[in-house]
Amino acid sequence: YIYIFINCIHSKMRIYKDYVLASLLHCKECSSYMTPCHSNKKRKGRTKHYYYYRCTKTFKQEWNACQTRQVNANRIEEYIFENLDRISKDKQYLDNLIFKLNNTQLSERVEQDHDSSSPNLKISQSGGRTGLEPSSVSPKLSAESFGQTLKIFVKGVTETGGTDKNLLAQKFIKKIDYSQKEIS
């Protein structure tokens with residue numbers, strides 16, 4: 001009886017939201033993190049939960065310190081993952097993206113190879129490479145494999161729950177900049 005009673009109390013205090021983009025969402029306006037937060041509103045004896053990502057500048061200073069303030073957590077998460085899913089199916093977009101990435105990598109590699117202080121390539125006194133140091137040559141990305149990986153990621157995020165969902169998102173997403181006008 002006591003065990004059931006404790007679980008009932010605990011479940012009433014639990015927040016029923018996994019913030020998938022926690023630590024990934026940044027305010028584009030002021031460069032602050034956007035922190036997961038929630039509010040509860042009681043109406044007619046029922047509690048409704050509202051979930052947000054809030055600019056930390058509005059916590060540290062005042063509500064008007066940043067114009068972005070906050071964004072609905074469900075909306076931004078749906079928007080991000082719907083767009084990633086759309087991108088995974090858009091062959092032309094993927095071809096252009098991978099072309100840009102491959103050419104950016106190539107120009108960066110050329111610059112590194114010409115830089116004598118480059119730490120990526122070590123030459124032994126005999127003129128050959130030593131050990132297993134990283135090579136300045138990286139494989140070219142393919143649009144097909146990137147698209148498939150993106151589809152698997154989006155499916156995994158939508159089918160996974162709890163902390164695993166957040167860990168999966170953090171593994172594949174570096175950063176999301178949010179403003180009321182633009183998300184990148």
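Note that the numbering runs from 1 along the sequence shown for the chain.
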Taking all heavy atoms of Phe81 and all of Val154, pick out the closest pair and write down the distance. O-CG1, 3.9 Å
Asn166 and Gln170 side chains, donor-acceptor separation under 3.5 Å: yes
Tyr33-Ile176 co-clustered via ILVMFWY side chain contacts under 4.5 Å: no
Please list, chain by chain and in numerical order, all residues satisfying salt bridge (Lys or Arg N to Asp or Glu O under 4.0 Å) with Asp177, sequence neighbours excluded. Lys175
Show every salt bridge (Lys or Arg N to Asp or Glu O under 4.0 Å) that has at least one partner inside residues 76-87, sequence neighbours left out. Lys17-Glu77, Asp85-Lys89
Filter on salt bridge (Lys or Arg N to Asp or Glu O under 4.0 Å), then keep only pairs touching residues 41-58, sequence neighbours left out; what's left? none
Flag the pair Met34 / Tyr178 as yes when at least one side-chain heavy-atom distance between them is below 4.5 Å, and no otherwise. yes
Taking atom CD as the centre, does Glu62 end up with more than 12 heavy-atom neighbours from other residues, nucleotides or ligands that are less than 6.0 angstrom away? yes
Of all heavy-atom pairs linking Leu24 and Val20, the shortest is CD1-O, 4.1 Å
For Glu182, enumerate each residue passing the salt bridge (Lys or Arg N to Asp or Glu O under 4.0 Å) test, keeping only those at least two apart in sequence or located in another chain. Lys28
How close do Ser23 and His26 get, counting heavy atoms only, and between which atoms? O-CE1, 4.3 Å
For Ser145 and Ser142, work out which heavy atoms get closest and say how close. OG-OG, 2.7 Å
For Phe59, give me all partners under ring-ring contact (aromatic ring centres under 6.0 Å, His included), at least two apart in sequence or on another chain. none
With no hydrogens and no angle check, just 3.5 Å: does a side-chain donor-acceptor pair link Glu29 and Thr68? yes
Drop me the distance from Thr35's OG1 to Tyr52's OH, to the nearest 0.5 angstrom. 15.5 Å
Step by step, would you call Asn72 with Tyr51 a side chain to side chain contact (heavy atoms under 4.5 Å, CB included)? CA-CA 6 Å; Asn72 180 289; Tyr51 303 100; over 6 Å; no
When clusters are formed from ILVMFWY side-chain contacts under 4.5 Å, directly or step by step, what else is grouped with Leu167? none
Scanning both residues in full, the closest heavy-atom pair of Lys165 with Thr160 reads CD-O, 3.3 Å
Phe153 versus Ala169, closest heavy-atom pair with distance: CE1-CA, 3.9 Å
